[in-house]
**Q** 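I'd like to ask some things about the structure below.
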Amino acid sequence: MIIRGGTTVLRALRDDWTTLLLFTSLTVGTEVIYEYLPVQQTALPSLPLGVLITAMSIFLAFQINQSYDRWWEARRLWGQLVNVSRSLGRQITTLLTDKRIANITNKESAAKFHQELLYRHIAFVNILRISLRSGGKLSEKDWRFLAQFLPDSEITDLKSAGNVMTQLLQKQATVLGALTGKNWGEQQILLQLDNSLNLLNDIQGGCERIKRSSFPDRFNFHTRIFVWLLAILIPFCLIENDLFDVIAMITETLLAFLFVTIERLGTELRDPFENRINDTPMSALCRTIEIDLRQQLGETTTLVPLEPINGVLM
């Protein structure tokens with residue numbers, strides 16, 4: 001995600017210079033055609049163009065609103081994931097103790113359970129990040145990274161799972177169910193932890209819905225076609241009689257560039273998990289969760305929050 005101040009003139013030119021150059025060339029070429037070629041009338045009627053611009057502006061506004069809703073929902077879901085992770089860490093480290101759970105005999109046993117459960121949760125958030133960016137596929141490099149949080153036997157079982165995140169939550173519930181007893185107090189603790197697992201299920205489902213629910217293909221196709229058609233027509237409709245009227249040429253170029261840029265921005269925002277510069281900074285949020293949970297376990301960690309690189313937080 002580009003943080004505040006990360007968008008500079010140089011970055012904008014680097015990302016959009018080809019489009020800007022294309023419309024500048026088109027505008028200059030239109031002026032040359034109008035002035036030097038034996039064409040009776042190059043300029044197209046401007047009134048239909050005004051109607052098209054108005055209609056396309058409404059259409060693009062709808063597209064941007066829908067795309068921003070998807071982008072903002074993705075960011076809210078990952079913000080909720082950070083909060084639920086902290087709550088889960090607090091619940092596990094303060095409620096699953098030898099004083100409250102009969103099956104936990106001493107502090108060393110409690111610490112072992114705490115580490116197992118929270119390490120598995122760190123694996124969960126990282127697998128969610130990897131799956132959203134890769135479309136559900138984990139490479140051998142990813143599995144080696146996860147080996148620091150999960151035992152080898154569990155990784156072997158997960159490699160054959162259809163949905164790895166669901167299986168991790170299932171494993172968490174199984175461990176918690178076996179750990180807590182039948183008395184009322186322990187059952188209340190289990191219910192609180194189960195509520196946190198349900199919230200994690202909801203967050204996972206919300207992210208998967210955004211990832212797998214794309215805009216209708218015809219909507220994307222027609223929007224892009226008509227935006228480009230309109231942008232190309234602009235220089236031919238707004239051409240001036242004076243040769244190389246600089247103000248008119250700049251206006252025509254920027255107007256055409258504006259429509260294409262807005263359409264492209266909407267396309268990028270509607271898919272917020274593709275590891276692009278405008279997407280949800282899942283790597284940074286996973287690192288934040290890992291640091292918080294390790295500190296809740298009482299570990300001394302050298303991990304530091306990820307910092308933006310050239311104004312971009314990944």
Side-chain angles (χ1 to χ4, degrees), residues 1-8 11-12 14-16 19 59-86 121-139 142 145 163-166 168-169 199-224 227 258-290 292 305-314:
M1 182 175 65
I2 300 178
I3 63 171
R4 180 177 298 177
T7 300
T8 61
R11 165 165 281 150
R14 184 184 62 198
D15 295 339
D16 301 326
T19 304
F59 205 63
L60 286 177
F62 171 79
Q63 181 197 39
I64 287 292
N65 285 337
Q66 296 301 311
S67 299
Y68 182 80
D69 284 345
R70 287 166 62 92
W71 181 88
W72 182 240
E73 183 184 5
R75 185 60 187 87
R76 286 198 309 110
L77 286 169
W78 272 82
Q80 185 182 9
L81 179 59
V82 173
N83 294 338
V84 173
S85 298
R86 290 166 175 164
H121 181 69
I122 296 173
F124 168 83
V125 297
N126 279 283
I127 291 175
L128 180 60
R129 166 183 60 85
I130 295 169
S131 298
L132 290 173
R133 286 176 172 169
S134 66
K137 298 179 181 179
L138 277 73
S139 65
D142 297 327
F145 168 75
N163 190 309
V164 181
M165 292 85 69
T166 300
L168 283 174
L169 293 180
L199 289 174
L200 293 174
N201 260 325
D202 292 339
I203 293 169
Q204 176 192 338
C207 291
E208 290 174 340
R209 182 184 70 251
I210 295 173
K211 177 69 176 181
R212 297 173 183 174
S213 301
S214 60
F215 272 32
D217 187 64
R218 292 188 66 184
F219 183 93
N220 295 333
F221 177 79
H222 285 95
T223 301
R224 186 172 296 109
V227 163
L258 175 65
F259 277 96
V260 172
T261 302
I262 291 176
E263 190 277 330
R264 192 180 69 179
L265 179 60
T267 301
E268 291 181 0
L269 289 180
R270 75 173 62 134
D271 295 315
F273 298 133
E274 303 302 316
N275 204 25
R276 294 176 301 214
I277 60 175
N278 287 316
D279 292 347
T280 305
M282 294 186 289
S283 296
L285 295 173
C286 284
R287 175 64 64 85
T288 297
I289 291 172
E290 182 177 353
D292 287 344
L306 294 183
E307 296 293 334
I309 300 176
N310 296 325
V312 178
L313 188 63
M314 301 303 290

**Q** Looking at every non-hydrogen atom in both residues, tell me the closest pair between L168 and A123 and how far apart they are.
**A**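 Minimum heavy-atom separation between L168 and A123: CD1-C, 4.2 Å.
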
**Q** Out of curiosity, L81 CG to F124 CZ, how far, rounded to the nearest 0.5 Å?
**A**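 Interatomic distance, L81 CG to F124 CZ, rounded to 0.5 Å: 6.5 Å.
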
**Q** Between R276 and T267, what is the shortest heavy-atom contact and its length?
**A** NH2-O, 4.1 Å

**Q** Starting at CG of L269, measure out to CG of D69 and round the result to the nearest 0.5 Å.
**A**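 Those atoms lie 10.5 Å apart.
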
**Q** Would you check if R224 and E263 make a side-chain contact, meaning some heavy-atom pair closer than 4.5 Å?
**A** yes

**Q** Spell out, as yes or no, whether a donor-acceptor pair under 3.5 Å connects the side chain of D292 to the backbone of I289.
**A** no

**Q** How far does CG of L200 sit from NE2 of H121, to the nearest 0.5 angstrom?
**A** 5.5 Å

**Q** Any luck finding a side-chain donor-acceptor pair between D202 and Q80 under 3.5 Å?
**A**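 Distance-only check fails for D202 and Q80.
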
**Q** Report the distance from atom NZ of K211 to atom CD of Q204, rounding to the nearest 0.5 Å.
**A**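 Spacing of NZ (K211) from CD (Q204) equals 14.0 Å.
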
**Q** Spell out, as yes or no, whether a donor-acceptor pair under 3.5 Å connects the side chain of R70 to the backbone of I210.
**A**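 Here the side-chain-to-backbone pair exists.
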
**Q** Within the side chain of R129, is there an N or O that forms a donor-acceptor pair under 3.5 Å with the backbone of C286?
**A** no

**Q** Do L285 and R75 come close enough that some side-chain heavy atom pair is under 4.5 Å?
**A** yes

**Q** Work out which heavy atom in W78 is nearest to a heavy atom in L132; give both atom names and the distance.
**A** NE1-CD1, 3.9 Å

**Q** Does any N or O in the side chain of D279 come within less than 3.5 Å of the main-chain N or O of E274, such that one atom is a donor and the other an acceptor?
**A**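 Between the backbone of E274 and the side chain of D279 there is a qualifying donor-acceptor contact (under 3.5 Å).
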
**Q** Taking the side chain as every heavy atom from C-beta outward, state whether N278 and L265 have any atom pair closer than 4.5 Å.
**A** yes

**Q** With a 4.5 Å cut-off on side-chain heavy atoms, are N83 and R86 touching?
**A** yes

**Q** Heavy atoms only: give me the nearest S131-M165 pair and the separation to one decimal.
**A**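 Result for this residue pair: OG-SD, 3.6 Å.
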
**Q** How far apart are the closest heavy atoms of P272 and A74, and which atoms are they?
**A**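 In this case the closest contact between P272 and A74 is CG-CB, 3.5 Å.
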
**Q** State the CH2-CD1 distance between W71 and I64, to the nearest 0.5 angstrom.
**A**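 Taking CH2 in W71 and CD1 in I64, the distance rounds to 12.5 Å.
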
**Q** Once rounded to the nearest 0.5 Å, what's the spacing between atom OG1 of T280 and atom CG of N275?
**A**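 These two atoms lie 10.5 Å from each other.
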
**Q** Quick one: closest heavy-atom pair of C207 and L77, and the distance?
**A** N-CD1, 3.6 Å

